[in-house]
Amino acid sequence: MRIGILIGISEYENYDNLPGCDNDLNAISEVLHTSKEFDEIKVFNKKVDSNNIKSELSKLFSDWKGNEIEELFFYFSGHGSFMNNEFYYILSNFDESQKRQTSLQNSEIDNMIKSIKPKMVTKVIDACQSGVSYIKGNSNIVEKYYSKTTDSFEKCYFMHSSMTSQYSYQNADLSDFTKGFLEAISVNNKPTIRYKDIIDFISDEFEKSTEQTPFFITQADHTESFLTTSKELQDVISKYIIKEEKETEVAKEESIKYNSYLDRIKKDAEIYSTQEETQQLLNEIKELIIETTLKTEINELYKYKNSFSHHLRDLPKGILIARWLEDNPNDYFAKADYEKVSYQEEETSPNRFGTFSSMMRGTKIVTKYRNDLMGFEQPIDIPYKYITIDFSPIYPNLTQYALLFTFLISKKDIKVFYAFTSYTETDWSRREININFKWSSDDFLIKNKNQILEFISNIISGTEKNILKALQEKFDTKK
């Protein structure tokens, strides 16, 4: 038994409407029905509110229990968002203050699917922020999140239209990703269409795009087929995909492309942030840090202190961030900070007598100059430029620790650098920060304020747990 759940939401109360999602859903629905290879297909479209869909899904999965399910095919086209380590399918009545009640969580869907024990699960998610956030040189919690979900299923294909920092584009006809999915079927001349064939086609189509990068996770042997090809199937797809016409229509085609290009500029502009929005974000980060309290038993051993500074030259190992700026093309409002430094050097005067003894030579001290890298600077007006959170010990036999944060900021992105280190005692009352540490970093859109605040909060709580673990390992008498 093969079953399908298709959701296409075009009407929203608090978000922009997405007219293309109607055609997305109609196209995928018609393809599945025409193939006659699915035993049951449930469709939710246009205005889909949380109460109705959750009730209907619960009944569907209850009815399917006890059946032998070969595959569950899940398709979604609409708004989506990754927040607080969870992907949310945004429903028509979504309210961020009630985000769990007015959305479908990915984990919620997974738990329903697990209840019927399908042999294979296929998810095709055409939504903004449906895939993984690309962070150069860093392990990624989002990628781990999606990869971990594969553990729940025997076989699975997960196809996501875009990374977390990107939009998934559409026009009034179709979403780009769904169009690629349909084209992959249309151009296939094999008797059967494998899911791997679709993934390969979409990957090649979007390879040169800097605006949208589909993301795929598979746990299968790549022999699994989606549908059998047929003339009826091709006829259905041809209704939704308008192929290039004759040369006489080139002017009209160029006009359509031009309009789409303008639409994409306007859409892309929505992810940019103002100076005021950036300052507001940094103020909320500051408020979060100030209001944080120690939540484990180390609150009896340490005092939690914080400071906010503008003086980046005082930032430990700021030189490493400066080198990153120089080595990586970027549009951050920051640059390496050099200082002209004088030094003296002994210079030997030339011997006018050529081959005479070196005793005839004279020397002199000359002053020279070099540019020393001091760190980096941000010539922008922001509330502070780096943060130090100190875990100061109450007892003399404990080590003091520090958690450091600093930021690189552009018109739309914020790169958060963070590091954990200890202090070295120089006498009974003085300590110096230990610079034997490495910076880590993660990238966010400035507009993703909740995601950034959650990230900062998790780093602080994780640091507290690491300190507690170190104390237990050192002082645990049960060893």
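- Aromatic rings of Phe226 and Phe181 (six-membered ring for Trp) have centroids within the 6.0 Å cut-off, being under it.
- Between Thr122 and Tyr75, every side-chain heavy-atom pair lies at or beyond the 4.5 Å cut-off.
- Salt-bridge annotation for Lys335 and Glu326: absent, with no side-chain N of the basic residue lying under 4.0 Å from a carboxylate O of the acidic one.
- Distance alone, capped at 3.5 Å, places no donor-acceptor pair between the Gln279 side chain and the Glu277 backbone.
- Remark: the backbone N or O of Lys411 is not paired with any side-chain donor or acceptor of Tyr332 at under 3.5 angstrom.
- Aromatic rings from Phe405 and Phe417 are positioned such that their centres are separated by 6.0 Å or more.
- For the 3.5 Å distance criterion, the side chains of Asp24 and Ser77 qualify, holding a donor opposite an acceptor.
- We find that Lys196 and Asp200 are joined by a salt bridge, their nearest charged nitrogen and carboxylate oxygen being less than 4.0 Å apart.
- Residues Phe44 and Leu57 are in side-chain contact: their nearest non-hydrogen atoms beyond the backbone lie under 4.5 Å apart.
- Judged by distance alone, with hydrogens and angles left aside, the side-chain atoms of Ser58 form a donor-acceptor pair with the main-chain N or O of Lys54 at under 3.5 Å.
- Between the side chain of Thr229 and the backbone N or O of Lys190 there is at least one donor-acceptor pair closer than 3.5 Å.
- When atom types are taken as modelled, the side chain of Asn466 and the backbone of Glu464 share no donor-acceptor pair closer than 3.5 angstrom.
- Lys317 forms a cation-pi arrangement with Phe437, by the criterion of a distance under 6.0 Å to the ring centre and an angle within 45° of the ring axis.
- Heavy-atom neighbours of Lys117 NZ from other residues, nucleotides or ligands within 6.0 Å: at or below the threshold of 12.
- Taking 4.0 Å as the cut-off between side-chain N and carboxylate O, Asp63 and Lys59 count as a salt-bridged pair.
- A distance-only check finds no donor-acceptor pair linking the side chain of Asn52 to the backbone of Asp49 [under 3.5 Å].
- Note: His160 and Phe158 have perpendicular aromatic rings, judged against thresholds of 30 and 60 degrees for the angle between ring planes.
- Side-chain atoms of Asn299 never come within 3.5 Å of backbone atoms of Lys295 as a donor-acceptor pair (strictly under, hydrogens ignored).
- Salt bridge status for Asp39 with Arg2: absent, with no side-chain N to carboxylate O gap under 4.0 Å.
- A cation-pi arrangement is absent between Lys123 and Tyr157 under the rule of less than 6.0 angstrom and at most 45 degrees off the ring axis.
- Using a distance-only test at 3.5 Å, with no hydrogens or angles considered, a donor-acceptor pair links the side chain of Lys385 to the main chain of Gln378.
- The side-chain heavy atoms of Ile90 and Lys99, taken from C-beta on, include no pair separated by under 4.5 Å.
- The shortest distance between side-chain heavy atoms of Ile41 and Ile5 does not fall below 4.5 Å.
- No donor-acceptor distance shorter than 3.5 angstrom exists from the side chain of Tyr386 to the backbone of Gly318, with no hydrogens or angles considered.
- Ring to ring, Phe391 and Tyr401 are not that close: their centroids are 6.0 angstrom or more apart.
- Between Lys119 and Glu71, none of the side-chain N atoms (NZ, or NE/NH1/NH2) sits under 4.0 Å from a carboxylate O, so this pair counts as no salt bridge.
- Asn45 contributes no side-chain N or O that, together with a main-chain N or O of Asp22, makes up a donor-acceptor pair within less than 3.5 Å.
- The number of heavy-atom neighbours closer than 6.0 Å to CD of Glu276, taken from other residues, nucleotides and ligands shown, is above 12.
- Checked against a 6.0 Å centroid threshold, the rings of Phe87 and Tyr89 count as neighbours.
- By the 4.5 Å heavy-atom criterion applied to side chains, Phe376 and Leu408 are counted as neighbours.
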